[in-house]
Amino acid sequence: MEKRGLLLRRTGMMLAGIVMISICVGCYRLSEFGVDAFTCMNLGISGYIGLSFGTWQLIMNAAILVVVFFTVRKCIGAGTIVNMVCVGYGADFLCWLVQDALRVEMTLPLRIGALVLGTFFASMGVAFYMAAEMGIGPYDSVGLVLEKVTGGRLPFRNARVLSDITAIIVGVVFCLLAGDSIWLILGIGTICNACVNGPLIQFFREHVSEPLVNKKK
């Protein structure tokens, strides 16, 4: 019974984390203040090479999964698949609900609120499904890969910031090479996400998600 309860708790946390990530992506899109670092990179590269965003993101996720498989294999699981399939559709649903169904006018205060909520749910969501240990999205594993290959000399919070900033730089470079405006992919939301996501994920893992998953009845 104890093992079953732990499995149910972990499954619930994994699903809750992915819902939060969906809300995060939707909020960033609604705020129009810039997308997250991984989306920024994929939009820049896909625009330069002429592939659709979805196709390139699938290729990038597959490439990262190969690296994850040989370094932090424990990060691959049911949550990895659910993340890859459901986050985009969840974000699309939130945008449809706000913009089409409810026809909410996104004024500046609402856009700022969406940015703050997006930043909060980005870190809380990753912390939840990382603690569940049922698999996480490929890009969210990059910080753990860097932490492992450096033998812990580069802690996760710093590794995440480094990977996010690198992703943004790559996205901007390819966007400029394609002759597109960088403001199509870059904004204050992108910078906020890159600078605070790693430390906030670590904070929520230590103080919220891991205590929850390890809580004794």
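Residues take their numbers from the sequence shown, with the count starting at 1.
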message = When you compare the side chain of Leu51 with that of Ile59, does any pair of heavy atoms fall below 4.5 Å?
response = yes
>> Between Ile64 and Ser141, is there a side-chain heavy-atom distance shorter than 4.5 Å?
In response: no
Under 4.5 Å between any side-chain heavy atoms of Leu30 and Cys95, yes or no? yes
Checklist entry - Counting heavy atoms not belonging to Ile49, are there more than 12 under 6.0 Å from its CD1? => result yes
Of all heavy-atom pairs linking Thr80 and Pro138, the shortest is CG2-CD, 4.2 Å
Applying the 4.5 Å side-chain criterion to the ILVMFWY set and letting contacts propagate, would Phe33 and Val196 be lumped into a single cluster?
no
Checklist line | Main-chain N/O of Gly143 paired with Ser163 side-chain donor or acceptor, under 3.5 Å | finding: no
Rounded to the nearest 0.5 angstrom, the CD1-CG distance for Ile169 and Leu186 is 10.5 Å
Could you check if a side-chain atom of Pro199 sits within less than 4.5 angstrom of a side-chain atom of Val161, using non-hydrogen atoms only?
yes
**Request:** Find out whether Leu94 and Arg29 are in side-chain contact, i.e. whether some heavy atom of one side chain is under 4.5 Å from a heavy atom of the other.
**Result:** no
Closest non-hydrogen atoms of Asp164 and Asn193, given as atom of the first, atom of the second and distance, are OD2-O, 3.8 Å
Hits for side chain to side chain donor-acceptor pair (under 3.5 Å) against Thr39, two or more places apart or cross-chain, chain-then-number order -> Asp36
Tightest non-hydrogen contact, residues Ile18 and Cys86, listed as CG2-CB, 4.4 Å
* To do: Classify the angle between the aromatic ring planes of Tyr139 and Phe38 as parallel (below 30°), tilted (30 to 60°) or perpendicular (above 60°).
  => parallel
- prompt: According to a 4.5 Å side-chain heavy-atom criterion applied to Ile, Leu, Val, Met, Phe, Trp and Tyr, with indirect links allowed, do Met106 and Leu108 form part of one hydrophobic cluster?
  reply: no
Which donor-acceptor pairs under 3.5 Å do the side chains of residues 111-137 make with protein atoms, sequence neighbours left out?
unit_1: Arg111; atom_1: NE; unit_2: Ser31; atom_2: O; d: 2.7
unit_1: Arg111; atom_1: NH2; unit_2: Ser31; atom_2: O; d: 3.3
unit_1: Arg111; atom_1: NH2; unit_2: Glu32; atom_2: O; d: 3.4
unit_1: Thr119; atom_1: OG1; unit_2: Tyr28; atom_2: OH; d: 3.1
unit_1: Thr119; atom_1: OG1; unit_2: Leu115; atom_2: O; d: 3.0
unit_1: Ser123; atom_1: OG; unit_2: Thr119; atom_2: O; d: 3.3
unit_1: Ser123; atom_1: OG; unit_2: Phe120; atom_2: O; d: 3.1
unit_1: Tyr129; atom_1: OH; unit_2: Asn83; atom_2: ND2; d: 3.1
unit_1: Tyr129; atom_1: OH; unit_2: Asp140; atom_2: OD2; d: 2.2
unit_1: Glu133; atom_1: OE1; unit_2: Arg10; atom_2: NH1; d: 3.0

The reported gap from CG in Leu7 to CE in Met14 (rounded to nearest 0.5 angstrom) is 9.5 Å
Open item on the list: Pair Phe204, Glu210 - check side chain to side chain contact (heavy atoms under 4.5 Å, CB included), show working.
Closed with: CA-CA 8 Å; Phe204 287 130; Glu210 290 180 0; over 6 Å; no
Interatomic distance, SG@Cys40 vs CZ@Phe174, rounded to 0.5 Å, equals 12.0 Å
Any Val104 side-chain heavy atom under 4.5 Å of Gln99 side chain | no
Determine whether Ile188 and Leu200 fall in the same hydrophobic cluster, where Ile, Leu, Val, Met, Phe, Trp and Tyr are linked whenever their side-chain heavy atoms lie under 4.5 Å apart. no
What one should report as the nearest heavy-atom pair of Thr71 and Lys148 is O-NZ, 2.5 Å
field: Pairing of Arg157 and Glu147 as salt bridge, 4.0 angstrom limit
entry: no
query = For Met41 and Ile168, what are the C-alpha separation, side-chain angles and deciding distance, and is it a side chain to side chain contact (heavy atoms under 4.5 Å, CB included)?
reply = CA-CA 6 Å; Met41 179 180 69; Ile168 292 170; over 6 Å; no
Output for pair (Leu43 CG, Ile182 CD1), nearest 0.5 Å, gives 13.5 Å
In this structure, CZ of Arg160 is separated from CG of Leu146 (nearest 0.5 Å) by 11.0 Å
With no hydrogens and no angle check, is any side-chain donor or acceptor of Arg73 less than 3.5 Å from a backbone partner on Phe69? yes
Are any non-hydrogen side-chain atoms of Leu8 and Thr11 less than 4.5 angstrom apart?
no
